[in-house]
Amino acid sequence: MGCDCNQEVQAQRDSSSNYERKKAICATCTEINRWVSGTPPGALIHTLDRCGHCGCFIKPKAKIWGLHCPLDKW
């Protein structure tokens, strides 16, 4: 599926509760590339953590309404 960050999506922030939900889902995903090696599954998302599937930085992507997880988790 790949990254949808470069598609023309109106840059509108998602609600804070939905943003937190997305980050929690990503924190437990096996595809995550952690910035700090050895970070346990479920730990808070670091600013530089990336999706191992599409390569996007998780925090900014989760903040934007209309962008989606490439694995259809959110």
Side-chain angles (χ1 to χ4, degrees):
M1 192 166 176
C3 178
D4 59 357
C5 289
N6 295 323
Q7 293 178 7
E8 289 188 33
V9 175
Q10 184 178 358
Q12 184 176 10
R13 287 182 180 241
D14 210 337
S15 67
S16 60
S17 61
N18 203 35
Y19 172 58
E20 294 301 323
R21 181 187 66 82
K22 291 176 181 179
K23 289 192 310 179
I25 291 169
C26 292
T28 60
C29 182
T30 58
E31 294 289 323
I32 190 172
N33 287 334
R34 293 289 192 164
W35 176 252
V36 179
S37 62
T39 302
L44 295 176
I45 298 291
H46 186 278
T47 303
L48 297 176
D49 286 344
R50 297 176 83 138
C51 173
H53 192 77
C54 68
C56 294
F57 290 103
I58 294 169
K59 278 188 166 185
K61 184 170 185 170
K63 249 183 215 182
I64 305 298
W65 178 87
L67 297 183
H68 303 282
C69 168
L71 300 172
D72 292 325
K73 293 185 177 191
W74 47 264

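With hydrogens and angles disregarded, no donor-acceptor distance shorter than 3.5 Å links the side chain of K61 to the backbone of C56. A distance-only check finds no donor-acceptor pair linking the side chain of H46 to the backbone of L44 [under 3.5 Å]. K63 places no side-chain N or O within donor-acceptor distance of the main-chain N or O of D14, the cut-off being under 3.5 Å.
For E31, the side-chain contact (heavy atoms from CB on, under 4.5 Å) test picks out C29, H53, L71, with sequence neighbours left out.
When all heavy atoms of K73 and R21 are compared, the pair lying nearest together is O-NH1, 4.5 Å. Of all the heavy atoms in W74 and C26, the pair that sits closest is NE1-SG, 3.3 Å. Across all their heavy atoms, I25 and T28 have their closest contact at O-OG1, 3.1 Å. Annotation for A27 and A43: closest pair CB-O, 3.3 Å, computed over non-hydrogen atoms.
To the nearest 0.5 angstrom, L67 atom CG is 11.5 Å from Q12 atom CD. Atom-to-atom distance recorded for W35:CH2 and I58:CD1 is 13.5 Å, nearest 0.5 angstrom. Rounding to the nearest 0.5 Å gives a distance of 8.5 Å between CD1 of I32 and SG of C51.
Listed by first and then second residue, the salt bridge (Lys or Arg N to Asp or Glu O under 4.0 Å) pairs that reach into residues 38-56 are R34-D49, sequence neighbours excluded.
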